Amino acid sequence: MKNITSFLFILWVVLFFLFFSACKNSSSSRSVDVAMYLDSLQSITLHLDSSAFFSSAYLEYDLSENKLYFLNEQSNLIRVYNVSTGKQIETIQYAFTGPDGVGEVWGFHYHSQDSIFVFGKFKFTIYLTDSRGKVLNKYVLTGEDTPGYFPTPVVHGLQQLFFIDNKLYFTGNYARQRKEGKYILPLFQYDISSKKLSHIGIAPQKVHEGFWESIDKVFLDRMGANKLIISNYISDSIFVYDIHSGKTDKHLAKSKYFSEQDIKPFSSSAENRAKDYLERAKYHLGTPKYHAALYDPVNKLIYRYVLYQHDYKKFLSGEPVKAGIMVFDEAFNKLGEFFLPSGYDFTMSFVGPKGLYMANKKAYQANDNYLRFDLFTFKPQENALH
Amino acid sequence: MITIYVSICLLSNRKKMRCIKHLGIVVIAFFMSGCNCHKEDETLRADELFAFLSEKQIDFHNKCIIILPAIGCGSCLSSAEHLLISRQDDIINNKHVTLILTNLSDLKKFKWRTQLSDRFFKAENLFIDNQDALKFRSFYPALIRFEQDCMQKPVYQKPGAEDFEEKLLDCLKKKLNYEN
């Protein structure tokens with residue numbers, strides 16, 4: 001009798017744990033909850049002049065002013081567009097050399113008309129300028145408080161720059177600690193009052209050994225007043241850094257089609273890589289990877305871009321590279337993962353007045369006097385793209 | 001040719017075996033001559049190129065075809081573009097050279113970047129394939145010479161390779177020799 005009671009007790013305990021774990025799984029791995037909609041009626045269309053094109057190495061949207069800042073790297077200038085009218089209202093021309101020289105502009109942050117922070121390529125310097133391109137101050141990004149780490153600060157593409165509480169925040173490429181072979185996610189803080197650079201190396205992680213062949217970038221976006229979200233090519237997780245507490249949270253933001261174990265390093269040596277363009281192209285096509293994460297304050301969503309594995313031979317036969325987008329709520333519950341329709345380039349996207357906008361290449365090819373950004377929305381309704 | 005030979009051979013009352021033997025030699029010779037033509041490599045298929053040239057009614061007989069893709073090896077594309085810019089007067093309306101700009105998704109940017117003349121873009125020997133009809137998948141600019149109608153092995157503008165410029169100049173010299 002005693003044995004039967006013990007057996008029943010153990011059975012109930014086991015059943016309880018099974019039931020509990022099943023509930024836990026169902027809540028943490030929610031399947032597709034939203035659908036993706038493409039709303040071309042809510043597009044933003046910019047009027048392009050003869051020297052403005054589809055591509056920009058850096059885009060920034062200002063919600064309070066409803067302005068879009070567009071880097072024209074070929075001319076070393078920033079174009080400012082009124083999003084309501086689509087008209088260009090201002091250009092900020094930068095000199096390469098001389099007293100106001102900033103080199104080749106790679107990224108920037110438009111704080112106000114007389115406070116524009118500009119990052120010069122290969123200069124490792126952030127310049128404070130006014131809207132006429134005059135240099136008011138410069139901040140050289142060198143720090144001595146990072147022994148053993150050799151990170152490279154970069155403000156470019158979706159590796160954005162933010163100015164919060166008199167401090168600049170930006171990322172860079174991976175740094176490797178030589179002795180332990182560990183990589184850390186580089187996040188930088190530059191205090192413009194003390195002119196001190198701090199390297200907030202967060203989340204050390206042991207990643208695959210080997211040369212990473214330009215998939216070592218770390219992407220940054222602002223999430224609310226005090227948080228920064230950090231994404232990179234090679235991790236299943238997104239990292240959230242709290243500026244006030246200095247703490248970092250790690251959130252699983254994994255694709256359903258691959259995991260970080262599938263992201264392999266480039267096998268060739270660094271010496272040969274520049275020569276062997278074809279091998280590099282094959283590697284990039286054949287390696288799935290994560291990309292930037294963006295926070296959407298309007299819809300309270302987080303987006304993370306994905307580049308899926310592609311076959312070189314299929315690419316040669318004309319099949320385009322497949323890119324996707326994962327959507328999460330603010331608690332990092334995954335709401336869906338979608339393939340992006342062809343003709344859209346996520347490197348030309350920003351979170352604007354109503355959500356996520358992405359440049360439409362086909363519309364530009366039909367008429368290159370205009371650049372149209374279509375609105376992507378994610379809602380649990382019918383008539384979705386997927 | 002083969003049909004005519006077979007007919008004459010059989011009608012001339014020769015032994016059938018000898019006719020078949022001769023026919024074999026003719027067929028082998030035919031295929032041997034075909035083997036001198038380049039059929040395909042990893043990024044270019046002759047049949048697709050022929051289909052494109054036929055569709056666009058481009059005469060390729062004894063000509064050089066330059067194919068410039070829009071995406072690929074940056075330094076290689078820049079080198080080829082630089083050649084086009086510096087040699088544009090020789091290239092424009094050159095009867096021995098046909099230039100195909102393929103997969104060109106941003107013609108406006110290409111025009112602005114290269115500052116090539118309006119004459120260049122109006123040239124009769126320039127074809128802009130912005131619909132990717134050619135299906136050219138090389139990361140490198142290519143130069144393809146046709147001897148008669150036989151495609152020779154393509155020469156690619158790759159890092160460190162000097163063949164491309166040399167062969168292009170050879171093609172352009174044909175024009176100069178012809179004019180002289």
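Keep in mind that this is a model prediction, so the values were computed, not measured. All values below were derived from every heavy atom in this structure, side-chain atoms included, with hydrogens, water molecules and symmetry-related copies excluded.
Surrounding CD of B:E124 are at most 12 heavy atoms belonging to other residues, nucleotides or ligands under 6.0 Å away. Around the CZ atom of B:R113, the shell of radius 6.0 Å holds more than 12 heavy atoms that belong to other residues, nucleotides or ligands.
Atoms CG and CH2, from A:N72 and B:W112 in turn, are 6.5 Å apart once rounded to the nearest 0.5 Å. The distance from atom CD of A:Q365 to atom CG of B:L107, rounded to the nearest 0.5 Å, is 10.0 Å.
Heavy-atom proximity under 4.5 angstrom to chain B picks out A:L48, A:D49, A:S50, A:S51, A:A52, A:F53, A:F54, A:S55 from residues 41-60 of chain A. Residue-level contacts of residues 82-95 of chain A with chain B do not occur; threshold 4.5 Å between heavy atoms.
The choice from B:E48, B:K109, B:K108 that makes the most heavy-atom pairs within less than 4.5 Å of chain A is B:K108.
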